[in-house]
Amino acid sequence: MGSSIDSPKKTLAQALVVGASRGLGLTFVRRLLETRISEKVFAGCRNPGAASGLQELGILYGSRLRVLPMDVTQERTLADAAKTLSTELDGLSLIITCAGLLHDEEGLMPERRLRDVNAANLHRSFAVNAFGPLLVARHFSRFLPTRGFCVVANLSARVGSIGDNQLGGWYGYRASKAAQNMFTRNLSIELRRTARDVICVALHPGTCDTDLSKPFQKRVPPDKLFSPERAVRQLLGIITNLEPADNGRFIAWDGQTVPW
Ligand SMILES: NC(=O)c1ccc[n+]([C@@H]2O[C@H](COP(=O)([O-])OP(=O)(O)OC[C@H]3O[C@@H](n4cnc5c(N)ncnc54)[C@H](OP(=O)(O)O)[C@@H]3O)[C@@H](O)[C@H]2O)c1
């Protein structure tokens with residue numbers, strides 16, 4: 001990876017952002033468009049009709065933004081979106097999956113102890129956090145160019161590091177991100193067979209001020225809580241400075257390697 005994490009080196013002409021309705025995903029879409037790192041952005045989200053942030057960007061950027069319905073737990077929606085894309089583009093230089101789940105209104109909260117664990121919540125966490133990015137790669141990696149700089153990035157989390165786990169708890173989120181990391185590492189090996197220059201990475205964005213972290217922000221010092229804009233600026237600095245040797249790495253917002 002190049003030395004600067006803040007200054008984009010490369011452009012990514014056509015990008016796909018999945019989980020783009022809010023939080024970091026929406027911020028990636030906005031920043032890719034406003035900086036012109038990408039000329040065209042495809043944004044996948046569960047419910048385009050309710051994605052007001054994307055609708056506002058659509059008014060600003062017109063045909064440079066294309067919103068597609070995608071629920072990473074409903075594989076059919078990914079297959080349909082890929083079919084639509086195949087008629088509208090010739091290649092993707094960035095696929096970034098931001099869809100993630102830590103808590104929800106159906107009673108999912110990170111487990112504090114073993115007795116909080118239940119199968120339904122584990123299934124939901126794995127469906128979004130682990131299987132989601134893998135299925136996105138399954139349906140969209142065919143749009144990566146056979147040669148030339150391109151990136152597959154999956155938003156992971158430091159708490160998914162097995163080696164770094166000193167606190168325990170958060171069984172479903174931690175383990176689903178650890179599984180996601182294994183999928184990303186596998187992808188970094190297999191995707192090179194068809195996209196020779198692809199760089200496939202797991203990224204830790206730091207703790208960011210989004211809906212996902214809201215219930216857990218109290219104990220985070222203000223200088224350790226990044227605005228989505230700052231987090232995305234940092235991560236795009238990393239993405240656009242990636243080099244071939246970075247393929248298969250788990251990288252934090254500051255460019256440091258996170259232990260598996
Ligand atoms: N925020 C942090 O502090 C932090 C720290 C470490 C890692 N991360 C990771 O960064 C990523 C982005 O997090 P965030 O902070 O932006 O979270 P967020 O604000 O809660 O946004 C989550 C996004 O994921 C989408 N999503 C959830 N389930 C989905 C599904 N089945 N199909 C498609 N999209 C789905 C949501 O869409 P809807 O609007 O449809 O619900 C929303 O756009 C996640 O992978 C998260 O684990 C975040």
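Read the numbers this way: they start at 1 and go in the same order the structure lists the ligands and their atoms. Nothing here was measured: the structure is a model prediction, and the numbers come from that model.
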Notebook entry, point to check: Distance only, no hydrogens: is a donor on one side chain within 3.5 Å (strictly under) of an acceptor on the other, for Thr73 and Asp71?
Noted result: yes
Note to self: Regarding Thr257 and Arg249, do their side chains bring together a donor and an acceptor under 3.5 Å, going by distance alone?
What the structure shows: yes
Next item on the list: At a heavy-atom distance under 4.0 Å, which protein residues reach ligand 1? Sort them by chain and number, would you?
Entry: Gly19, Ser21, Arg22, Gly23, Leu24, Arg46, Met70, Asp71, Val72, Thr73, Cys98, Ala99, Gly100, Val128, Leu155, Ser156, Ala157, Tyr173, Lys177, Pro205, Gly206, Thr207, Cys208, Thr210, Asp211, Leu212, Ser213
Notebook entry, point to check: Who else is in Val220's hydrophobic cluster (ILVMFWY, side-chain heavy atoms under 4.5 Å, direct or via others)?
Noted result: Leu225
Checklist line | Pairs meeting criterion side-chain hydrogen bond (donor to acceptor under 3.5 Å, both in side chains) with involvement of residues 37-52, two or more places apart | finding: Arg36-Glu39
Next item on the list: Indicate the ring-plane relationship of Phe140 and Phe143, choosing parallel, tilted or perpendicular according to the 30° and 60° boundaries.
Entry: tilted
Next item on the list: Go through the structure and list residues passing ring-ring contact (aromatic ring centres under 6.0 Å, His included) with Tyr61, not counting sequence neighbours.
Entry: none
